[in-house]
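The figures that follow rest on heavy atoms only: side chains count, while hydrogens, waters and symmetry mates do not. Naming: A, B, ... by sequence-line order, numbering from 1 per chain.
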Amino acid sequence: MLDLKFVRENPEAVRRGAALKKQEADVDGLLALDAERRQITTRADELKQERNALSEEVGRRLRAKENADDLKQRVRNLGDEIKKLDERLAAIEPQMRDRLLRIPNLPHESVPVGESEADNRFVREWGAKPNFDFEPKPHWEIAEHLGIINFEQGAKVTGSGFIVYSGAGARLQRALINFMLDLHTTRHGYREVYPPFLVNVESMTGTGQYPKFVETDGAYKVEGDELYLIPTAEVPVTNLRRDEILGDPELPLYYAAYTPCFRREAGAAGRDTRGITRVHQFDKVELVKIVRPEDSYAELETLLQNAEAVLQALGLHYRVMEMCTAEMGFSNAKQYDIEVWAPGMGRYLEVSSCSNFTDYQARRAGIRFRREPKAKPEFVHTLNGSGLALPRTMIAILENGQQADGSVRLPEPLQAVFGRETL
RNA sequence: GGUGGGAUGGCCGAGCGGUUUAAGGCAGCGGUCUUGAAAACCGCCAGGGGCGCAAGUCCCUCGUGAGUUCGAAUCUCACUCCCACCGCCA
């Protein structure tokens, strides 16, 4: 969330930023409550000060065996008045928090202003689209031919949007996870963590999925417990340090985690129904950074490069796009997407999203640090990026590696795992 | 799932209705001493909020939420979490 003081002092900037992101922001409602809260707090504090002083006087008199009934009555009356004010505050504060939690992070000034996907800014590309001397097939046909993905079994066991990797498909999945984790931990300095796949509402709030993403039915909720299946490892991993005050020497923190991700994709029915472009459960290796505020935009660039390194090692052509204001996520200040080329589908697919959340998640999750042992705690900046999402990486491997005879040439780093060059 | 024990500041730990503005210790930071270090000694060491240009001042927080009381870390109730044992279990 945003700093309440910042909203109070810059209401117009908040309205503008939210509008650029095509998001609502009840700034007026929030500030009206804020004004009332401060007025009541001032009054209540004065009364409490008086009550504390009088109570102390009661104690003094009673110890001196004097009568204190008149004072007791005055304090009782004060108590009644204080209680009314505190009750009003108890009603206002959750409302303020709720409004604040629903105001999105503001886009960084460098973010291109735009209305749609068409306004995203091309940053760079790597490699080139491969040439085929035959018509490249979409991955679902390749996978069916090889018998490595079973859609019917996924639908039978769970339902539409759930798939089963089978045989070499399952093994390829596992090899990719290992490959990505090893790359990030041994070459890029990330600490591997393996977090829970279910999280509580505090964690969902900390990274910004609650309330809005949850309310729009994006997340799976566990019946009977107040727990959610994680939509991304960003949630458990960023929340690892929730409500902590870190020491300056601990920063920056780099975490890499493999987890499955669960998304209801409630609003996306009908899109990408064929293949594995959009499924309800998918695997992802996620990178999370917790850094000093002044470093976050430089850290975003290296995070992006760390994610790109995976595609480079796999020899897959991709492009990097900077999201325009309207295409960014709720909690982001700046976001790059990496899009890999899928020749069978004839389009680029988002395999990674790398974002700087500035202090927005840190403030929600209470992640702070001290520059010096006695310095005032400051909020850290958090970042995360996929490194990478598995299904679309698999799509790119299948569609880019396909050969005329129906086999698929494996990227070089995966050949050792399989002991051969093709699937 | 059952039974019992516990939750106090970075850590340990007093405290059981009013000089607690939370003792004391450890760790940390600053200083004295020392060639330097250690030891010893002195000092500083939670977070949030209101008002104020500031200096400052006041309020809140002893797991969370209610309650009793003039006054609650301290008493009552509920809940949460942690630990131990039992049951079940990969």
Side-chain angles (χ1 to χ4, degrees), chain A residues 1-9 30-101 194-206 210 222-228 236 239-251 253 260 290 359-360 362-380:
Chain A
M1 58 188 158
L2 299 178
D3 180 10
L4 178 59
K5 282 202 184 80
F6 177 84
V7 180
R8 194 186 291 151
E9 288 160 15
L30 174 66
L31 292 183
L33 288 168
D34 177 50
E36 188 183 354
R37 176 187 135 268
R38 284 191 291 160
Q39 191 195 331
I40 293 173
T41 298
T42 301
R43 178 69 186 140
D45 282 359
E46 287 168 3
L47 296 177
K48 284 174 183 174
Q49 185 179 355
E50 198 178 339
R51 177 179 67 180
N52 291 344
L54 290 179
S55 285
E56 214 176 305
E57 177 59 22
V58 170
R60 242 193 304 277
R61 283 203 198 170
L62 292 181
R63 259 178 276 124
K65 309 287 185 201
E66 292 170 22
N67 184 289
D69 289 351
D70 56 326
L71 284 184
K72 283 187 182 182
Q73 187 55 44
R74 279 177 64 191
V75 179
R76 201 178 340 230
N77 293 342
L78 278 174
D80 290 345
E81 203 174 336
I82 289 166
K83 191 173 180 185
K84 277 184 206 138
L85 295 174
D86 277 347
E87 279 169 359
R88 180 63 190 146
L89 283 175
I92 289 175
E93 278 164 1
Q95 290 180 48
M96 288 182 65
R97 179 172 167 78
D98 184 67
R99 279 169 173 75
L100 208 44
L101 287 176
Y194 187 90
F197 302 158
L198 282 87
V199 294
N200 54 33
V201 71
E202 288 79 12
S203 293
M204 290 291 263
T205 306
Y210 185 89
V222 176
E223 183 89 30
D225 292 285
E226 286 291 311
L227 297 175
Y228 299 88
N239 279 283
L240 250 27
R241 297 312 195 107
R242 191 174 71 228
D243 295 326
E244 285 191 42
I245 300 175
L246 305 167
D248 185 77
E250 290 182 78
L251 299 179
L253 289 166
I290 296 176
D359 60 0
Y360 188 84
R363 187 172 286 105
R364 285 173 164 251
I367 310 174
R368 294 175 290 175
F369 81 111
R370 279 186 226 274
R371 293 184 188 275
E372 302 290 337
K374 281 192 283 184
K376 261 192 95 64
E378 297 174 49
F379 289 106
V380 298

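Remark: side-chain polar atoms of Arg363(A) are paired, donor with acceptor, to backbone N or O of Met1(A) under 3.5 angstrom.
Annotation: side chain of Arg61(A) is not in contact with side chain of Asn67(A) (no heavy-atom distance under 4.5 Å). Looking at Glu372(A) and Asp248(A), their side chains never come closer than 4.5 Å, going by heavy atoms from C-beta outward. Contact check for Leu78(A) versus Arg74(A): no side-chain heavy atoms found under the 4.5 Å cut-off.
Counting only N and O atoms by type, the side chains of Gln73(A) and Asn77(A) include a donor and acceptor under 3.5 Å apart.
OP1 and OP2 of C70(B) both lie 4.0 Å or more from every side-chain N or O belonging to Arg51(A). Taking 4.0 angstrom as the limit, Arg370(A) places a side-chain polar atom (N or O) nearer than this to OP1 or OP2 of G47(B). The phosphate of C59(B) has OP1 or OP2 within less than 4.0 Å of a side-chain N or O from Asn52(A). Of the side-chain N and O atoms in Arg38(A), none sit less than 4.0 angstrom from OP1 or OP2 of G52(B). Under 4.0 angstrom from either OP1 or OP2 of G48(B) there lies at least one side-chain N or O belonging to Lys376(A).
Both key distances under 3.5 Å define a Watson-Crick or G-U pair, and stretches of 3 or more such consecutive pairs in RNA chain B run B:1-7 with B:80-86, B:10-12 with B:24-26, B:28-32 with B:40-44, B:46-51 with B:56-61, B:63-67 with B:75-79.
A gap of 13 Å separates the C1' atoms of A73(B) and G9(B), to the nearest Å. Between U76(B) and G5(B), the distance separating the two P atoms is 14 Å to the nearest Å. One P atom belongs to C42(B), the other to G24(B), and the distance between them is 12 Å to the nearest Å. Atom P of G25(B) sits at a distance of 10 Å from the matching atom of C41(B), rounded to the whole Å.
Residue Arg37(A) contributes atom CZ, which lies 17 Å from atom P of C59(B) at whole-angstrom precision.
Within the 4.0 angstrom heavy-atom criterion, no nucleotide atom of any strand lies near Arg74(A). Counting any heavy atom pair closer than 4.0 Å across all strands shown, Arg43(A) reaches no nucleic acid atom. Arg363(A) comes within 4.0 angstrom of nothing in the nucleic acid, heavy atoms only. Here Val75(A) lies in heavy-atom contact (under 4.0 Å) with sugar-phosphate atoms only.
Using a 4.0 Å cut-off on heavy atoms, the residues of residues 77-88 of chain A that approach RNA chain B are Lys83(A), listed by number.
Applying the salt bridge (Lys or Arg N to Asp or Glu O under 4.0 Å) criterion to Arg242(A), with sequence neighbours excluded, gives no partner residue.
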